[in-house]
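Single-structure report; data block below.
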Amino acid sequence: MISHNDMSDKQRNDGEWTEGRYRSFIVSTLRGGMRRWPPKWKALKDACVGRKLNKATNKLALHYTCNECKKEYTSTNVEVDHIKPVVPPTGFTSWDNYIDRLFCEKYNLQVLCKKCHKQKTKKEKSTARKTK
């Protein structure tokens, strides 16, 4: 696997992409694969409390418990979060480490409502800025 440092002298997409654009493409592609990662679906299944009436649509919908605030939300209002961030506070180390942390087991995944996930992400970014 190519390390983060080895990529600086490479041309990407016939020189049409910057290294930033290339890294963004790779991260997006890997994160897209996370949608099919079985431990993600196991974490969602464990957080599922069953079908209940969705007050917004007045239809039955699966509801999930947020691991932080403990409230129940429909699938459109929850996200599967990595308990230990994919990129540690110290920053990117290697693609191998990134992939290992992204495609982790269920014990490192939790279901959070969008509000709690946003707050956790904000805190992690703040910690990372202070660490660098």
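As the structure is a computational prediction, the values presented were derived from the model and not from experiment. No hydrogens, no waters, no symmetry mates; every other heavy atom, side chains included, goes into these values.
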Straight-line distance of Thr74 OG1 to Leu60 CG, nearest 0.5 Å: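 Going from the OG1 atom of Thr74 to the CG atom of Leu60 covers 12.5 Å.
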Atom pair CD (Glu79) and NZ (Lys40), whose distance is rounded to the nearest 0.5 Å: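 Nearest 0.5 Å value for the CD-NZ distance: 9.5 Å.
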All side-chain contact (heavy atoms from CB on, under 4.5 Å) counterparts of Asn13, not counting sequence neighbours: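 Listed in chain order: Glu16, Trp17.
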For Asp100, all residues meeting side-chain contact (heavy atoms from CB on, under 4.5 Å), sequence neighbours excluded: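 Scan of Asp100 (side-chain contact (heavy atoms from CB on, under 4.5 Å), adjacent residues dropped) gives none.
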Contacts of type ring-ring contact (aromatic ring centres under 6.0 Å, His included), residue Trp41, not counting sequence neighbours: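 For Trp41 there are no ring-ring contact (aromatic ring centres under 6.0 Å, His included) partners, ignoring immediate neighbours.
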Please list, one pair per line, the donor and acceptor atoms closer than 3.5 Å that link side chains of residues 103-115 to other protein atoms, with sequence neighbours excluded.
| unit_1 | atom_1 | unit_2 | atom_2 | d |
| --- | --- | --- | --- | --- |
| Lys106 | NZ | Asp46 | OD2 | 2.3 |
| Asn108 | OD1 | Lys84 | N | 2.8 |
| Gln110 | OE1 | Asn67 | ND2 | 2.7 |
| Gln110 | NE2 | Asp81 | OD2 | 2.9 |
| Lys114 | NZ | Thr76 | O | 3.0 |

Residues which pass salt bridge (Lys or Arg N to Asp or Glu O under 4.0 Å) with Glu72, listed by chain and number, not counting sequence neighbours: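 Once residues adjacent in sequence are excluded, the partners of Glu72 under the salt bridge (Lys or Arg N to Asp or Glu O under 4.0 Å) criterion are Lys52.
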Only distances under 3.5 Å count here; give the side-chain donor-acceptor pairs of residues 24-35 to other protein atoms, sequence neighbours excluded, each with its distance to 0.1 Å.
| unit_1 | atom_1 | unit_2 | atom_2 | d |
| --- | --- | --- | --- | --- |
| Thr29 | OG1 | Phe25 | O | 2.8 |
| Arg31 | NE | Tyr98 | OH | 3.4 |

Min side-chain heavy-atom separation Thr127-Pro89 under 4.5 Å: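 Yes. Closest side-chain heavy atoms under 4.5 Å.
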Residue pair His82 / Arg101, side-chain heavy-atom distance below 4.5 Å: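 Not in contact.
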Heavy-atom pair of closest approach, residues Phe92 and Val87: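 For Phe92 and Val87, the tightest heavy-atom pair comes out as N-CG1, 3.6 Å.
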Atom of Cys66, atom of Cys69 and distance for their closest heavy-atom approach: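 Closest heavy-atom pair between Cys66 and Cys69: SG-N, 3.5 Å.
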Backbone of Lys122 reached by a side-chain donor or acceptor of Ser126 within 3.5 Å: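 Looks like no, no N/O pair under 3.5 Å.
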Residue pair Arg12, Glu19: steps toward the side chain to side chain contact (heavy atoms under 4.5 Å, CB included) verdict: CA-CA 7 Å; Arg12 306 294 178 181; Glu19 283 305 308; 3.3 Å; yes
Donor-acceptor side-chain pairing of Asn97 and Ser94 below 3.5 angstrom: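 No - no donor-acceptor pair under 3.5 Å links their side chains.
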